[in-house]
A.B. asks: 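Sharing a structure here in C-alpha cells format.
Chain identifiers are assigned alphabetically (A, B, ...) following the order of the sequence lines, protein sequences preceding nucleic acid strands; residue numbering begins at 1 within each chain. Quantities reported herein were computed from a predicted structural model and do not represent experimental measurements.
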Amino acid sequence: MAERIFGHIPNVYEGDVFESRLILSHNKVHRPTQAGISGSQKEGADSIVLSGGYEDDQDLGDVIIYTGHGGRDHNSKKQITDQTLSDKNLALALNCQNGLPVRVIRGANHKSKFSPEYGYRYDGLYKVVKYWKKKGKSGFNVWLFRLEKVDTDNRFGFEVKEETPGYSKTSRTAVTQQRINRDYSLTIKVKEIYNSHCQVCNVKLYTSAGFYAEAAHIKPLGKPHNGPDTLDNLLCLCPNHHVMFDFGGFTINDDFSLTGLEGELNINTEHKINKEFIRYHREHFAI
DNA sequence: CCCCCAAATGAT
DNA sequence: ATCATTTGGGGG
C-alpha cells in the first residue's frame, strides 16, 4: 500500500475539479472510492469528502462542522445507532491531537453555497481544532469535528518555516508534503518506542483519542540551529517537560543525568541519542 | 499473505 | 430503490 500523504498532493492545487470519486482516488487526492474519510486510527486522516447526506454537517466555508461516519443503515442512510469514536472518527481525532492537516474535497451533491457545480473540487487543507459528540437530529449520538482552513501558505504546527526563495509553487508543494510526512513518521516512531511515556517523568497521558505525548527535537530544527530530522535527535516527552526542555528549564548531561530536575533520562536500548545534540542543547539553552 | 467488511459511489 | 464495484483498513 502506498504511503499516506498528509498535506497537498504534488501538482494538485486548490480549485482543481475531478469528475468522479474514482478519478479523485487515482489522483491520490482522496483514495477511498466511497468512504468520506481517508485515514487510519494509527496515523490519522489525510483527506475527507463533503458529499451531502449527513444532516448534522454545517459548511461555513473556512469553518466546517463535519460529521463522523458509522451508525447508519446501509440502504436508508438513516442513523440507526450511536456513532463511536473509532476507526476513521478516531483518525480525525488524532489529527486534532497531533496538529495534522486534512485535505478537504467538496462534491456537487453537497448542497451549500461553497459546493461546486459538478464533480469534486479540492479545497485545500484544514486543521481539526476540536471534536465532541452530541445527540444528532436522528436522536442518536454523532461525533462532530470542527475544521478550520489552513492558510494557503500551508502554515501549521508541523512545518518548519525556512527561507528558500525562488523555487516554484510545484516544488514548494512537494517539499511541504515530504516534510510533514518525514516529521510525522518519526514522531510516531519515537512515541512507539516509549509507548507514549515521558522519558523524564514516565507519565503517560490518556485522552479520548488514545495516548498523548510529544516528540521533542533536542537540537532545534531550522535556522540557525539546523538540527536534523532524525531519531537520534528526538525525545518522547510529556507536554510539561517538552516546554521545560525547549526553554532551558533543564538540560541533559553526557551520562543522561539531568541538571535542573531530579533523576535521569530514561532511554530504550533501541533508541540511540546523539550526544552531540544534547551538548548543543546545553551550550545554547542552559542558564 | 488472505479474508472480511464498511463505505458521503455510481449506474440502472 | 437496488446492486455491482472499488478501495483500503484491520485482523488472523
A.B. asks: Taking only N/O atoms, report every protein-nucleotides 1-6 of chain C pair under 3.5 Å with atom names and distance.
C.D. replies:
from, atom 1, to, atom 2, distance (Å)
C/dT6, O2, A/Thr33, OG1, 2.4

A.B. asks: Output the rounded distance in Å from NZ (A/Lys77) to C1' (B/dA7).
C.D. replies: 7 Å
A.B. asks: Using every non-hydrogen atom in the two residues, find where A/Leu85 and A/Phe145 come nearest and quote the distance to one decimal.
C.D. replies: CD1-CZ, 4.4 Å
A.B. asks: Between A/Ile37 (CD1) and C/dT7 (C1'), how many Å, whole number?
C.D. replies: 15 Å
A.B. asks: Phosphate oxygens OP1/OP2 of B/dG10: is one of them under 4.0 Å from a side-chain N or O of A/Arg21?
C.D. replies: no
A.B. asks: Starting at CZ of A/Arg4 and ending at C1' of C/dT7, how long is that distance when rounded to a whole Å?
C.D. replies: 12 Å
A.B. asks: Hey, would you say the A/Tyr54 and A/His110 ring centroids sit under 6.0 Å apart?
C.D. replies: no
A.B. asks: Please give, in whole Å, the distance from B/dT9 P to A/Arg31 CZ?
C.D. replies: 19 Å
A.B. asks: To the nearest angstrom, how far is A/Leu92 atom CG from B/dA8 atom P?
C.D. replies: 13 Å
A.B. asks: Please check if the side chain of A/Asp59 supplies one atom and the backbone of A/Gly61 the other of a donor-acceptor pair under 3.5 Å.
C.D. replies: yes
A.B. asks: Quick test of your reading of the model: are A/Glu14 and A/Lys149 salt-bridged, counting only N-O distances below 4.0 Å?
C.D. replies: yes
A.B. asks: Checking side chain to side chain contact (heavy atoms under 4.5 Å, CB included) against A/Ile218, which of A/Lys275, A/Arg279, A/His281, A/Glu276 comes through?
C.D. replies: A/His281
A.B. asks: Do you reckon A/Ile188 sits in the same ILVMFWY cluster as A/Tyr212, going by side-chain contacts under 4.5 Å, direct or chained?
C.D. replies: no
A.B. asks: Separation of A/Ile80 atom CD1 from B/dA7 atom C1', in whole Å?
C.D. replies: 14 Å
A.B. asks: Under 4.0 Å between any heavy atoms, over every strand shown, what does A/Ser20 touch: base, sugar-phosphate, or nothing? Just pick one.
C.D. replies: sugar-phosphate
A.B. asks: Could you list all N or O pairs between the protein and nucleotides 10-12 of chain C that sit under 3.5 Å apart?
C.D. replies:
from, atom 1, to, atom 2, distance (Å)
C/dG10, OP1, A/Gln41, N, 3.2

A.B. asks: Please classify the nucleic acid contact of A/Tyr120 as base, sugar-phosphate, or nothing, using heavy-atom distances under 4.0 Å.
C.D. replies: sugar-phosphate
A.B. asks: Please list every stem that involves DNA chain C, where a stem is a run of 3 or more consecutive Watson-Crick or G-U wobble pairs with both pairing distances under 3.5 Å.
C.D. replies: B:1-7 with C:6-12, B:9-12 with C:1-4
A.B. asks: Decide yes or no on side chain to side chain donor-acceptor pair (under 3.5 Å) for A/Glu148 and A/Tyr126, but give the supporting numbers first.
C.D. replies: CA-CA 5 Å; A/Glu148 294 181 4; A/Tyr126 284 67; over 6 Å; no
A.B. asks: One pair to check against ring-ring contact (aromatic ring centres under 6.0 Å, His included): A/His225 and A/Phe285. What are the steps and the verdict?
C.D. replies: CA-CA 12 Å; A/His225 308 293; A/Phe285 295 95; 5.7 Å; yes
A.B. asks: Rounded to whole Å, how long is the line connecting atom NZ of A/Lys111 with atom C1' of B/dA8?
C.D. replies: 13 Å
A.B. asks: Looking at A/Asp46 and A/Arg103, does any basic side-chain N land under 4.0 Å from a carboxylate oxygen?
C.D. replies: yes
A.B. asks: Say whether, by atom type as modelled, one donor and one acceptor occur between the side chain of A/Glu264 and the main chain of A/Ile252 under 3.5 angstrom.
C.D. replies: no
A.B. asks: Taking NZ, NE, NH1 and NH2 as the nitrogens, is one of them in A/Glu192 or A/Lys42 under 4.0 Å from a carboxylate oxygen of the other?
C.D. replies: yes
A.B. asks: To the nearest Å, give me how far apart OH (A/Tyr118) and C1' (B/dG10) are.
C.D. replies: 18 Å
